[in-house]
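Below, chains carry the letters A, B, ... as their sequence lines are ordered, and counting in each starts from 1.
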Protein chains: 2
Amino acid sequence: MTFSEENYLKTIYHLMAVSDADISTNAIAEKMETKASSVTDMLKKLAEKELVNYIKYQGVSLTEKGQLAAKMIVRKHRLWETFLVEKLDFSWDEVHDLAEQLEHIKSEKLINKLDDFLGNPTEDPHGDAIPDASGRITKIEKQLLSELEKNRVGICVGVKDTSSDFLKYLDKQEIALGSQIEIIEKESFDSSFRIRVGTKEITISHKIASNIYIK
Amino acid sequence: MTFSEENYLKTIYHLMAVSDADISTNAIAEKMETKASSVTDMLKKLAEKELVNYIKYQGVSLTEKGQLAAKMIVRKHRLWETFLVEKLDFSWDEVHDLAEQLEHIKSEKLINKLDDFLGNPTEDPHGDAIPDASGRITKIEKQLLSELEKNRVGICVGVKDTSSDFLKYLDKQEIALGSQIEIIEKESFDSSFRIRVGTKEITISHKIASNIYIK
DNA sequence: AAATTGTTTTAGACTAGACTAAAAAAATAT
DNA sequence: ATATTTTTTTAGTCTAGTCTAAAACAATTT
């Protein structure tokens with residue numbers, strides 16, 4: 001499987017995780033910052049290899065085989081991210097692009113040994129689940145901070161948006177995985193939140209609150 | 001720089017280390033298992049980028065810039081090999097192909113952090129020198145086992161041939177980096193050697209003896 | 001010095017993956 | 001129901017890197 005094929009599979013996998021319905025050519029093109037015509041070409045190729053179910057003009061979904069392949073790429077991505085943060089001391093906003101490269105290294109043995117070396121983690125540095133060697137995923141129960149009631153307290157267990165900008169913002173506010181967060185007030189006018197992080201009190205927008213997972 | 005460009009540079013670098021004279025198109029083609037015409041195409045491209053000095057029909061050599069780039073690839077290759085053996089518990093005959101992939105990961109920061117994580121090693125698991133971040137190489141004084149006199153004792157500090165077959169043979173004979181080796185007898189008829197490795201006495205051919213470095 | 005052999009380069013073709021522009025199909029609006 | 005807009009596909013072009021076959025050059029032999 002080529003790098004490009006792997007990137008398409010991964011993108012379709014992530015899109016399927018949020019949409020249920022078949023994935024459109026345009027949705028893939030947009031996410032990958034490429035053109036719809038390029039996507040069509042690749043979908044034909046992936047369908048030929050029985051990695052996706054593709055019907056002209058009707059969108060695409062992963063086959064069992066494609067799903068497993070995609071999970072293995074996600075597994076690699078998240079294990080490498082964990083390695084970079086835990087062992088090489090990278091911060092959580094730096095690791096995505098590097099993992100995008102490392103996820104294409106071809107060796108089952110390597111990734112399984114890396115998994116063991118890291119102590120078989122079930123979540124990556126952003127709180128996302130790491131599929132095991134057979135593709136099984138341990139679901140983490142969590143909810144968005146924005147869904148929490150006033151006066152409730154929770155622990156930050158993940159982030160929805162993993163962009164560098166958002167993660168740097170969280171660093172600045174001293175919000176990290178494991179941080180205790182308490183909802184002090186919900187402002188109905190602009191849906192912003194007054195929260196306590198550790199000992200500090202800060203105000204965050206609804207957009208921020210709806211990108212933080214709490215347990 | 002593309003993967004392919006990097007592979008050509010690395011090959012030229014390794015050929016220059018053993019030959020002094022300019023490197024021929026055919027030598028590169030043979031080492032890379034490709035065709036001479038493909039090599040010519042790439043040499044033009046590398047010359048264009050001022051990574052090599054190339055004159056039609058006269059062979060090629062690395063420029064300063066090319067040399068540094070090649071060293072950085074070798075550095076990455078050898079640091080990843082060290083990581084695989086030291087941290088992930090791979091054996092020394094398994095790591096070459098994996099390092100061929102990992103050496104193309106693009107990030108200076110990553111490789112420097114990996115270097116630190118490994119304790120800034122100066123040699124890889126085969127006893128080859130690892131260039132530092134600025135390309136400097138700590139020369140290791142060593143000689144071939146085949147050049148040693150009778151009754152001399154030395155420590156294995158490296159191997160010349162790093163093929164999986166040869167390394168597996170050494171494993172079988174219980175020869176590893178750090179093994180003490182004593183020359184018991186040199187057989188003049190076939191130039192074979194009677195040696196003691198640790199407590200065991202074995203016979204090895206001249207070919208074997210001329211691929212083991214001793215200090 | 002000419003002929004032969006071997007090496008290297010050129011010319012032209014191929015593939016994967018991207019692109020643009022145009023055509024076809026589907027969805028939406030009137 | 002027809003017209004318009006949007007989405008998707010097709011057709012054809014481009015680039016990087018490879019290849020084969022032929023031509024050009026260099027080295028060796030006679």
Atom-to-atom span, CE of B/Met42 to P of C/dT9 - whole angstrom: 14 Å

Distance test, side-chain N/O of B/Tyr8 to OP1/OP2 of D/dA16, below 4.0 Å: no

Stretch residues 16-38 of chain B: residues that reach within less than 4.0 Å of DNA chain D through a heavy atom: B/Thr34, B/Lys35, B/Ser37, B/Ser38

B/Ser61 and its side-chain contact (heavy atoms from CB on, under 4.5 Å) partner, picked from B/Ile12, B/Asp20, B/Asp22: B/Asp22

Salt bridge (Lys or Arg N to Asp or Glu O under 4.0 Å), paired with B/Glu103, selected from B/Arg78, B/Lys76, B/Arg75, B/Lys10: B/Lys10

Below 4.0 Å: OP1/OP2 of C/dA16 and any side-chain N or O of A/Thr2: no

Side-chain ion pair, A/Lys207 and A/Asp161, N-O less than 4.0 Å: no

Option passing side-chain contact (heavy atoms from CB on, under 4.5 Å) with A/Ile204 (candidates A/Leu170, A/Asn211, A/Ile195): A/Ile195

Residues from residues 46-62 of chain A lying under 4.0 Å of DNA chain D - heavy atoms: A/Tyr54, A/Lys56, A/Tyr57

Evaluation steps, side chain to side chain donor-acceptor pair (under 3.5 Å), between A/Asp190 and A/Ser192: CA-CA 5 Å; A/Asp190 64 354; A/Ser192 69; 2.9 Å; yes

A/Lys87 NZ/CZ over A/Phe117 ring centroid, <6.0 Å and within 45° of normal: yes

Separation of D/dT8 P from A/Leu43 CG (nearest whole Å): 10 Å

Candidate pair B/Asp165 and B/Ser163, rule side chain to side chain donor-acceptor pair (under 3.5 Å), full reasoning: CA-CA 5 Å; B/Asp165 279 354; B/Ser163 70; 5.8 Å; no

Considering all heavy atoms, the nearest B/Ser210-B/Lys160 contact: O-CD, 3.9 Å

Atom-to-atom span, CG of B/Asp41 to P of D/dC19 - whole angstrom: 10 Å

